[in-house]
Peer 1: 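Quick one: this structure, given as structure tokens, is what I'll be asking you about.
Nothing here was measured: the structure is a model prediction, and the numbers come from that model. Note that these values count all heavy atoms, side chains included, but never hydrogens, waters or copies made by symmetry. Just so we're on the same page: letters track the sequence lines, and every chain starts at 1.
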Amino acid sequence: MIEIRIHGRGGQGNVVAAYLLATAAFEAGRYGQAFPSFGAERRGAPVAAFVRIDAHPIRRRCQVRQPAFLIVQDEALLHVAGVLDGLPPGAGVLINSGREAEALTRVDGFDVVTLPATALASDILGRPVPNTALLAAFLALTGLLPQQALIAALAERFSGEILERNTRLIEQAAGRVPAGHWKDVRHAAGP
Amino acid sequence: MRQALEGSQAIARAVSLCKPQVVSAYPITPQTHIVENLSRLVADGELECELVSVESEFSAASVALGAVAAGSRAYTASSSQGILLMAEVLFNIAGLRMPLVLTCANRAVSAPLSIWNDQQDSMAVRDAGWIQLYCADNQEAVDTTIQAFRIAEQCELPVMVCVDGFTLTHTLEVLEMPEPEQVDAFLPPFRFARRLDPDKPLSVGTLVSPEYFTETRHDHHQALRDATDIIVQAQQEWLTISGRDSGGLLRQSGPADARTAILTLGSIAGTLEEAMEAHGTGAPARLIVLRAFRPFPDQALRDACQGLERLIVLERALSPGAGGIVGSEVRAALSALDRPPRVFNFAVGLGGRDVPLEIYPRLLDAVDAGRGSDFDILDLDPSKLPAEDA
């Protein structure tokens with residue numbers, strides 16, 4: 001079982017990102033589970049969502065405390081207490097940032113990859129919503145699911161030009177990160 | 001068809017497959033997405049039904065009551081304060097024996113204000129005279145919703161389908177949505193013999209003098225006791241049609257010869273089950289998941305607890321000043337056994353506190369340390385208490 005935690009701010013499509021990733025897992029023939037961390041969400045407030053992906057039905061419903069991977073939609077969240085909690089040493093952290101990984105602080109000991117997801121989304125979608133680009137980069141890094149599964153998940157929500165632009169964004173974002181860099185990281189948190 | 005759906009969306013679609021003629025609800029977290037999804041199905045023309053927007057939960061329940069009295073299949077949903085604002089009407093719906101279905105997206109009750117999950121709301125109305133069924137996952141929520149209409153209409157009793165708020169309602173997971181033909185084969189159109197009909201005038205809800213009140217109460221109690229068999233039948237027939245077991249009155253998993261069992265209800269079941277399997281054979285225990293809380297399945301529970309030495313009851317609510325609600329009822333039911341197991345009782349996960357996989361070893365350690373022999377809150381953090389209470 002792969003457990004992933006997604007951090008973002010209210011309004012960035014954090015829960016949607018989690019739902020899309022779990023739906024993509026389903027589209028690829030796996031089981032997926034996604035849920036928000038149930039805060040009283042407000043625009044701009046730090047929020048988190050959890051995703052689990054497995055070949056078998058997923059029965060546990062607790063929050064993800066020791067994620068194999070972290071997706072961070074706003075680099076400033078690295079300074080928010082709790083964001084890096086439970087992350088094992090060497091875990092993959094994908095951060096929406098225009099800076100190089102080496103320029104970021106507080107993430108020593110983790111395998112950090114950055115992607116200028118907001119800029120990419122602004123260019124291609126015309127909206128500064130980083131979630132799709134980050135998911136595409138995450139799938140490229142891990143090889144966990146084919147990009148086509150993510151496109152299929154998006155196709156359940158969007159059609160026409162919006163879907164076409166998202167598909168273009170996926171191709172662009174996936175090409176910006178080293179493919180398969182995290183393919184050997186497999187971490188299933190047991191009891 | 002197998003789909004990845006948010007719990008609320010799946011529940012709304014299950015309700016839609018049952019073709020309610022009237023849906024009336026007032027939004028409250030975490031029930032909101034259920035009603036939003038139903039509203040969308042109506043707006044998109046996928047569900048033909050009268051969607052009545054009201055100004056409060058009191059009205060929502062009243063509209064549903066009136067709709068059933070007029071012979072329509074009706075549905076409503078709420079949570080927490082909404083359930084409590086409905087409380088008076090809930091007793092009336094049950095006392096008038098109006099068969100309708102309500103989803104309770106379980107949430108803590110104020111004060112202090114909490115929007116998060118526990119089961120205090122449905123437990124607070126356990127004596128309203130409704131059937132109460134608790135769901136462990138969203139597949140069970142879908143299947144139980146469909147069974148609920150059948151059970152309600154067959155017993156002429158309302159059914160509350162209890163679904164943990166957020167933990168189920170806001171979780172997207174893979175589940176099997178029934179085909180419309182499957183539901184049609186299982187659930188005949190609603191024909192209410194006592195419906196209000198101008199050609200056969202009838203009064204509903206009149207004053208009942210002491211001469212008849214006792215007998216009315218007796219019949220209501222008897223109807224709930226008789227519902228036990230109908231709940232089992234409905235589950236078995238749905239199993240034949242869908243191939244899925246949603247747990248009848250209660251279900252069990254784990255080694256049959258275990259001398260320790262944990263009894264719980266709702267969405268903790270999956271986490272516990274996984275934790276218990278992973279824990280290996282060191283301390284064998286089995287799991288009992290209570291699905292029917294009203295009617296209380298005394299006999300099924302006694303059968304399940306034969307030969308047990310310890311039974312640990314884990315629940316997500318409490319009766320302040322008394323202790324566990326489910327625990328007390330379990331103790332009472334098991335007292336009829338020749339050699340009842342020793343019952344330990346804990347509340348856990350109140351007001352949305354996360355219930356992690358470590359719950360299982362922690363629970364066993366707590367029992368070994370003598371906690372829970374009366375009642376304890378398992379995940380209490382004493383460091384957060386004021387000095388005089390610690």
Peer 1: Search all heavy atoms of B:Thr171 against all heavy atoms of A:Gln33 and return the closest pair with its distance.
Peer 2: CG2-CG, 3.7 Å
Peer 1: Tell me, out of A:Ala18, A:Pro57, A:Ala49, A:Ala34, who's got the most heavy-atom pairs with chain B below 4.5 Å.
Peer 2: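 Ranked by heavy-atom pairs under 4.5 Å with chain B, first place is A:Ala34.
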Peer 1: To check you understand the geometry: which heavy-atom pair defines the closest contact between B:Gln3 and A:Phe26, and what is its length?
Peer 2: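 Here B:Gln3 and A:Phe26 meet closest at CA-CZ, 3.6 Å.
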Peer 1: Charged N to carboxylate O below 4.0 Å: is that the case for B:Asp354 and A:Arg65?
Peer 2: yes
Peer 1: Counting only heavy atoms not in B:Arg40, do more than 12 sit closer than 6.0 Å to its CZ atom?
Peer 2: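 Check fails, neighbour count at 12 or below.
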Peer 1: Taking every non-hydrogen pair under 4.5 Å, which of B:Ala136, B:Ala4, B:Pro30, B:Gly349 racks up the most with chain A?
Peer 2: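 Maximum pair count with chain A is reached by B:Ala4.
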Peer 1: Considering only heavy atoms from C-beta outward, does the side chain of A:Cys62 approach that of B:Thr271 to under 4.5 Å?
Peer 2: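 Result yes, sub-4.5 Å side-chain heavy-atom pair found.
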Peer 1: Distance check, rounded to the nearest 0.5 Å: B:Thr167 atom OG1 versus A:Phe35 atom CZ?
Peer 2: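 Rounded to the nearest 0.5 Å, the OG1-CZ separation comes out at 8.0 Å.
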Peer 1: Using non-hydrogen atoms and a 4.5 Å limit, figure out which bit of B:Ala269 sits close to chain A: side chain, backbone, both or neither.
Peer 2: neither
Peer 1: Just so I know, are the side chains of A:Arg59 and B:Glu173 near enough to count as touching, which here means a heavy-atom distance under 4.5 Å?
Peer 2: no
Peer 1: Please check if atom NE2 in A:His79 has more than 12 non-hydrogen atoms from other residues, nucleotides or ligands closer than 6.0 Å.
Peer 2: yes
Peer 1: Highest number of heavy-atom pairs under 4.5 Å with chain A: which of B:Val174, B:Asp137, B:Ile268, B:Ile359?
Peer 2: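 Option with the greatest count: B:Val174.
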Peer 1: Just wondering, do A:Gln63 and B:Pro356 contact through their side chains at under 4.5 Å, heavy atoms?
Peer 2: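 Not touching, per the 4.5 Å side-chain cut-off.
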Peer 1: Counting only heavy atoms not in A:Arg168, do more than 12 sit closer than 6.0 Å to its CZ atom?
Peer 2: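 For A:Arg168, atom CZ is crowded (more than 12 foreign heavy atoms under 6.0 Å).
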Peer 1: Check whether any side-chain heavy atom of A:Arg61 sits under 4.5 Å from a side-chain heavy atom of B:Glu274, and report yes or no.
Peer 2: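 Counting from C-beta outward, A:Arg61 and B:Glu274 never come under 4.5 Å.
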Peer 1: With a 4.5 angstrom heavy-atom cut-off, is it the side chain or the backbone of A:Arg30 that approaches chain B, or both, or neither?
Peer 2: backbone
Peer 1: So, do A:Val15 and B:His170 sit near enough that their side-chain heavy atoms are less than 4.5 Å apart?
Peer 2: no
Peer 1: Looking at B:Leu380, I'd like to know if its CG atom is crowded, meaning that more than 12 non-hydrogen atoms belonging to other residues, nucleotides or ligands lie closer than 6.0 Å.
Peer 2: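 Counting other residues, nucleotides and ligands, CG of B:Leu380 exceeds 12 neighbours.
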